[in-house]
Amino acid sequence: MKKRGVLNSDIAKIIDDLRHTDQIIIADCGLPVPKNVKQIDISLELGTPSFYSVLEVLLKDIAVEKVILAEEMKQNNVDLYQKMDTLFSDIEWVTHEEFKQLSENVKVIIRTGENTPFANVILQSAVVF
């Protein structure tokens with residue numbers, strides 16, 4: 001049995017298979033999932049697990065070179081915006097509509113129980129060398 005790291009086998013497999021420039025989304029429970037994109041649903045109830053707690057765990061295992069967020073987060077989810085702005089030095093901001101279009105090309109959308117607006121992020125994988 002695995003002793004540390006991501007225990008969810010579906011998520012661990014995605015992380016293991018990430019290559020340079022591959023993208024994944026960590027999403028709130030309301031983000032639509034395109035039909036061609038794999039969804040891993042880890043939601044238990046509204047708010048659990050939270051978007052940010054899942055992000056913190058995944059960032060321990062993923063090298064990230066690019067972060068994409070919806071502009072609407074800045075005004076509609078100020079607490080999360082401030083956390084993301086502190087966590088990441090370089091954020092690409094797009095409209096929520098553009099974000100949903102970009103979601104059509106990610107490897108997976110990990111659906112959390114988060115129930116606050118615009119709590120979604122695209123993480124683009126970096127290389128570690």
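All values below were derived from every heavy atom in this structure, side-chain atoms included, with hydrogens, water molecules and symmetry-related copies excluded. For this chain, numbers begin at 1 and follow the sequence in order. Since this is a predicted model, take the numbers as computed values, not measurements.
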Honestly curious: do [X] and [Y] fall in one hydrophobic cluster under the side-chain, below-4.5 Å linking rule?
| X | Y | value |
| --- | --- | --- |
| I109 | L80 | no |
| W93 | F51 | yes |
| I24 | V106 | no |
| I26 | F99 | no |
| I110 | L31 | no |

Can you tell me how far the NZ atom of K107 sits from the CG atom of L123, to the nearest 0.5 Å?
->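 Going from NZ on K107 over to CG on L123, the span is 14.0 Å.
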
From I42 atom CD1 to C29 atom SG, the distance as rounded to the nearest 0.5 Å |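 These two atoms lie 12.0 Å from each other.
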
Could you pull out the closest heavy-atom pair between [X] and [Y], with the gap in Å?
| X | Y | value |
| --- | --- | --- |
| D28 | N120 | N-OD1, 2.9 Å |
| D41 | R111 | OD2-NH1, 2.7 Å |
| F118 | M73 | O-CE, 3.0 Å |
| P49 | T112 | O-CB, 3.4 Å |
| S103 | I25 | CB-CD1, 3.4 Å |
| E72 | V94 | OE1-O, 4.1 Å |

Can you confirm whether the side chains of [X] and [Y] place a donor and an acceptor under 3.5 Å from each other?
| X | Y | answer |
| --- | --- | --- |
| H20 | E65 | yes |
| S125 | D22 | no |
| E114 | T116 | yes |
| S53 | E56 | no |

Side-chain contact test, heavy atoms from C-beta onward, threshold under 4.5 Å: evaluate it for [X] versus [Y] and give yes or no.
| X | Y | result |
| --- | --- | --- |
| L59 | F88 | yes |
| D61 | V6 | yes |
| Q124 | I68 | no |
| Q23 | L102 | no |
| L69 | I122 | no |
| L87 | L55 | yes |
| D90 | V67 | no |
| T86 | K83 | no |

Thinking salt bridges, do D17 and K13 make one under a 4.0 Å N-O criterion?
->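 Yes.
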
Applying side-chain contact (heavy atoms from CB on, under 4.5 Å) between L58 and each of V121, V64, I15, report the one that passes.
->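 Among V121, V64, I15, the one meeting side-chain contact (heavy atoms from CB on, under 4.5 Å) with L58 is I15.
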
Do the side chain of N77 and the main chain of P117 share a donor and acceptor less than 3.5 angstrom apart?
->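 Present.
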
K66 vs E92, side chain to side chain contact (heavy atoms under 4.5 Å, CB included): CA-CA, chis, key distance, verdict = CA-CA 8 Å; K66 184 177 182 180; E92 181 179 331; 2.6 Å; yes

